[in-house]
Structures are given as C-alpha cells and as structure tokens.
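Here's the structure, in structure tokens; my notes come after.
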Number of protein chains: 2
Amino acid sequence: MLTSSQRQLLRVISESGPLSRTEMANILGLSKGAMSGLARDLLDRGVLHETETIYGQGRPSIRLDLHPECAFFVGVSLLEDPAPMILGDLNGGIIARCAMPLSRDPEVIANAIAEGLPALLGSRPDAKEKLSGIGVALSGFVDETQANCVKSTLLGWQDVPLARIIRERTGIETFIENDAKAVAVSEKLFGSAREVQNFSVVSLGDGIGCAHFIEGRLYRGNHGGAGEIAHCTIEPGGAPCRCGKRGCLDTVASMKAIKEMSRAEGLECTSLSDIEHQASAGNAAAIRILHRAGSALGLAIAHLIQMNDPGLILITHLEGSFDGLFGTVVQQAVEMNVLPRYAGQTPIRIKRVDSDIWARGAASIAAHNFLIGPNVN
Amino acid sequence: MLTSSQRQLLRVISESGPLSRTEMANILGLSKGAMSGLARDLLDRGVLHETETIYGQGRPSIRLDLHPECAFFVGVSLLEDPAPMILGDLNGGIIARCAMPLSRDPEVIANAIAEGLPALLGSRPDAKEKLSGIGVALSGFVDETQANCVKSTLLGWQDVPLARIIRERTGIETFIENDAKAVAVSEKLFGSAREVQNFSVVSLGDGIGCAHFIEGRLYRGNHGGAGEIAHCTIEPGGAPCRCGKRGCLDTVASMKAIKEMSRAEGLECTSLSDIEHQASAGNAAAIRILHRAGSALGLAIAHLIQMNDPGLILITHLEGSFDGLFGTVVQQAVEMNVLPRYAGQTPIRIKRVDSDIWARGAASIAAHNFLIGPNVN
DNA sequence: GTTGATTTGTTCATTTTCTGAACTTAGTGT
DNA sequence: ACACTAAGTTCAGAAAATGAACAAATCAAC
C-alpha cells in the first residue's frame, strides 16, 4: 500500500511532529522533487494534512502533519476483567470506550471483540470505513510477527495464534503485543519518547514491566523476553518469587509486593499513598518498606543504564506519586549505582498514567503497524 | 562506491558464509535478475569469488564468497605498550604484525602508525594497493562516527579526533572503537557470532568489557556507554572502585581484582590458573575468592540476559580455563539468576583468546566499514 | 545414449523511484 | 515597485529493480 519511503516519512513525522516538505527531504536524504510527489500522494489519501504556514524570508513553508482522523484503531487490554476496549486515533486520543468480559478462550475473546466493535464504531460515522487495525495487549510473550502468543502464564496459553483468530472473526488486521512493550510503543508514538531513539519504559503496576526501544525500534529480544527486569535478582537469597527463584525485583518493588509487605507489618494499606502517608508520619516499618523497594527498583534501573545506556528512562506508574519517599529513594539509588561520570546524564522521566494505559498501548500497536509497518528495513 | 544493495549482500555473505546467487536473491528479497547484476559487478571488482559448485537436480549452483584477499586492513591496539599493530585480511587472518611504542599524544600515535605501515605492507606485494582501512582499539568512549574519542581515562583524552589525525597523516580511511566493542565486531565478522543477530560479548581481561549486537548491529548506546557491565553494582556497599562507587563487578570479578584479593590473602598468584590450582588443592581462601568472583560475574550476566534476552553470550578470556571452579560458578550463577523458564535457553559460549584479540578487533572495525559501511539503513 | 525434468543463472524490455535543473510561487526587505 | 529569497512543482533523464523469456548445466528414466 505505502512505499518504503512513505513509511519512513510517516515515521519521521511521528517522531518530530509537523515538518515542511523541504525539512523532510533533508531528513530523509531525498531530493525536493521526490518529496513533492510523496507528499502529494499522502495528502491525496488523507494521511497527511497541511497545518501552519511558517513565514520567513522567501516563500513560506507549510508544515505537514499526520491527519489524526485518517485512521482509527481498536485497542483491547486482556490485563483486566472486564477487559477494556477503546477506539483511538492517530494522536493517541480515545474516541470511544467499552468493555468486554475477559476469557481464556481465544475464540470467545475474538467473538467478544467482534460484538463490541459496532458499539465502539457507532460513535463516529466515518470510523467504520477508517478502522485500520486492532491491537491487543496481554501479559506474556509474543513472537516477532506480533501474531502469536508464545506463552502466557496469566491466560494459560502456549502458542496461541490470537491475532489470526481475531482477524478471521472480525476481518480486521490484528496485532498482539506484550503489555510493557505496548506501553513503550505508545510512548514512542504518542507520548514523551517520540523523538528519542534509545529509551526504556519501566511500567509500575501490580507487577513491574519494562521494554526497550533501540535505534528507534522496539527491541523484543531473542525469545521475546527483552525487558524482563521484574525477575532480575536484586536481593540475592531474598524472598521466594512466584517465578521459582529468589529475590527478584518483583518480590520487593512491585505495588503488590509493597502492599503485601505492609500488611505483613500490620500496616493499613490499599494503595501506595497509604504507606507514603504513614512513612511521612514517621512510621518506621513504612519507611523501611519504601526504602527497600525504592533501593531495589533504583538498583535495577541503574543496571539497565549501565547495560544499555539509554537516552531516556520513562517510569510510568498508576498509583500514588513519585514525590514521596519511594520516588526519592528510587532516584537516589539510581544515581548512587551508575558510573559517577554518567550520573544525571540519563534523564529519568516520571509519568503518572491512568488505567487506559494498556488499552491505549494496544491501540498504538495497531497504529504503529499502520504507520511504519511490521518490520522496517 | 558500493550501492546499498551490494552492502546488504556482503553483510549476508559475511553472516551466512558462501551462498549461491539464487539463495542470496531470496534472502535479500530481490529478483534473480537484479542479483545477477550485483554479483557480476562484485566479481569483476574482485570482492567476491566463486567457490564450490553444488550439484543437485537442475543446473548446479555456484557459491559465492568474499574474496579474503580483496582487501587488507591494519589494526592497532592502544591497550598495551608496546602497541601491537597487525595486517589482517577479510577472514580475520593475521598476515603480518609489528609493534609501536604507545603514546598519549595523538600526533605521535599517528606518526608511529605511518612509520609502521611499510614494514607491515612489505610482506605482500599487493597489500599496499589493497589496504582499505585502519582500525584502532582503545579503552574509552568513542562517538557513533567511530572517529572521535569522547573520553579515555587511560589515555587521558577528552574529545580527541584521533581518526582524522591518523587519516591525515597516513592518507588511509581510519576508524576507532572501544576495545570491547571492537572485539564484538570481530566476533560478528570473523568469529563465532557471525549468524547471531542479538548477542553480547563479555571480554575478561585485566578488566571486564562488554558490548552488545542488537538486530545485527553494534549497539553503542546514547553516550557510547552501552555494555559498561564492569561498573554494575553487584555487591551493594562493597569494596570501593576506582570509578568512585562501591561494589562494582570490576572490584570482584576482573582478573586484576582476583589477583589482588589473592595477594591480600597471602596467596601466590600471577595468573588465574594459580588460584584455580590452589582451589582444587582445597585452599579455602582460593575457593572463597573464586566463588565470590564467579557468582558476581554470573549474576551480572544473568541481569544482562534478563534485560536484553540475547541469543548468545560469548565470554572471551585471555587467561586460564573455564573448566575450573571459576567457570563452573559463573555458569551456575547465571542459571540460578535467570527466569527458570529461560534457564539454558541462552547459549553461553566460552572462548579462549590470545593477546591478538585487541589488534584483530581493531582491524575488524576497518573491515566492517569496508564491507557494510558506517551506518546501515 | 537420448529425452525430459529441473533448477541455476542471464538477458532485456519495462516499471518504479529518485535526481537535478529549470521553473513557479509567495512571501520579505528596501 | 523592485530585487531577493526560499519553498515547492514540474519534468526529462538516470538508476535500480521486476518479471518473463531464455540459455545452461545437470540428474533421472527409459
């Protein structure tokens, strides 16, 4: 459908925001003539549109941007029950939402998605014809074609061709992705990592997820396991983890672990804020727990920086704030455990997200495949 | 000089070994017609040559391979004094060698290289005209153009445009690279990681170096610091490191650290084998030291696996063997600290190397730029 | 042997994509 | 009003790939 140059062009715009034809030609290393043709084609198709006019010396330049409503995407998160389902645009905006019951049966999921589609698409007359893909986020390992779930403990799956099943049921292009990797793609396309080529997202939810972008592309690893930071051994010989080993980051720094440790100490705790409150009130146990969790997470992030030297670490969290003890300890632990000459060189951005994060991430997987294609060369 | 398709073709051959035109066309996704032209051009230039003929049904296919003597490269290691200098071919073979005095003055280094060239090139009549590049390996950070040394503590450099200085003095294309990264490139081009797209090399020398290949390309990181595994905090609160923090892997698992710990315990120790011997004789201190070092290195490698899920870990070592206690503990520690479902999934290859490793790595940097070009798209 | 099947590799007209130079357009500065 | 400047367009031609027809070199079967 789109030529490889057109895809590169869309990638550049999605990274840099609106650009004039001449700027794009320079970035892509093409002649103005070639750009002219590419841009006209994409304008005609409605993928691009002209935005502001920049006046300077000479003929004014016209910035071109992605037309946010040229395509719509459905995102489904299989991480919650009921499973949220959203209709999103090319800006990461959410146009409509609904929910479906979670199931472990791929056929049932495909049916539920198919049945949910009309409700989602009903909100806009043009959404149906412009629906360009479905993305599904799940907890587990996904292969590089973004079609098969190699393994999901949560869903009890092994080698499930979920994308094909949904595609056959709905007739819409479908791609699946691991939850943390979907969030990373979402941040690359829509979020605060747009222009960064090398970054890692650490997503703090009940568990700890992580995914890397390297040289502008999602890095999946050889078995799809890149970013499994949650099961780095951070406290050798520490508490047993559900994965079978001991002292994993997950056992100390996940929200679930923090809550469990708090309860074990007899602290009232339904959210991170609760313990933060008690810590700031001087409760020794709360302080100890947050210190331990923060140091562990900070150490793991420091390892990540040492190993991969990313240009940005983006920490997304659902609960509480990073202004409290936990966040402070994390940042201190990072600084203390990276090469001193690196300290402060790797920006760490904290981002509070809402519960749409997974469904939006899922939609971004479909958007990414629409814009940039499955495998860039 | 070479078109982008020709470079891709050379890359594929260097990864997979000799291939027929039809096989290459399939791998590159080109038509047989296009391949025919590309191959003829490279054969005419002497970059490729025909090797074996494979008989089967139908017309036999003729495998094409890189012509090892179509180009020569000089590699210089600035890691030792005197600095070794070799003449290498496209197979990683060493054709001639000499040495030059090490200096901290880039101009002096450039002069020494220029003066050493005739001796190296004298051994072959065709070497002079076919000399295609100089590679220099050094301890420090190098920018992505492989031209400037951003920082080298060992050489006392900051932003030294060494490649340009050598190029101006010798008239030969020159590229510089960090020592560990040069070794990784060498293993990718000539060694045991040819066909692997994602791998990490851990090189054990006096210090511990590490470099990653990701999606078939050297990954340098945002500040050139990817792979700085030596300064991961492995023993929080441990011994002070020369980098300024405490408990770095370097302080427990480098050969230098092992020797120092041994001497501190009053053990005779000039090489790893010495301590291995004493450990196998039952010396408690030796066993403790090797256990500590091996566990630390294994844990760091486990972190690496968890973070990046490489398809191969290649450990290169100059001294001793990996059959002893140290190697065993390393491998055990890796297995113990990766997700159980991953255990054994990431091959760990051990390779004993000789002291040519750095100079050969340096030459491979030049070879890589000749074959594949500076920045593949 | 001869014939047919089979697969590799070449040739060449055509198509696709990009270049580069000339040109048009739409402004600013004096 | 006039030159000046830079953005974007047009178009002939170059570069690179396609795809189909063809030549070449073998095996297998009779």
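Reminder, nothing fancy here: chain letters follow the sequence lines and each chain counts from 1.
- Screening A/Glu195, A/Arg194, A/Gln197 for a side-chain contact (heavy atoms from CB on, under 4.5 Å) with A/Lys188, the sole residue that qualifies is A/Gln197.
- Atom CG in B/Leu312 sits 5.0 Å away from atom CZ in B/Arg349 (nearest 0.5 Å).
- Remark: P of D/dA16 and CD of B/Gln8 are 13 Å apart, rounded to the nearest angstrom.
- Taking atom CG of B/Leu9 as the reference point, atom P of D/dA17 lies 11 Å away to the nearest angstrom.
- A distance of 6.0 Å or more separates the ring centres of A/Phe213 and A/Tyr219.
- Put simply, the residue from B/Leu90, B/Ile86, B/Ile134 that forms a side-chain contact (heavy atoms from CB on, under 4.5 Å) with B/Phe73 is B/Leu90.
- Formation of a donor-acceptor pair under 3.5 Å by the A/Ser61 side chain with backbone atoms of A/Arg59 is not found in this model.
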(request) Heavy atoms under 4.0 Å is the rule here; annotate nucleotides 8-18 of chain C 5' to 3' with B where the base is hit, S where only the sugar-phosphate is, and - elsewhere. (result) BBBB-----SS
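- Although no hydrogens or angles enter the test, the distance criterion places a donor-acceptor pair under 3.5 Å between the side chain of B/Thr174 and the main chain of B/Ile172.
- Rounded to whole Å, atom P of C/dT7 lies 13 Å from atom CG of B/Asn26.
- Per the geometry, CD belonging to A/Glu50 stands 12 Å off P belonging to C/dA26, to the nearest Å.
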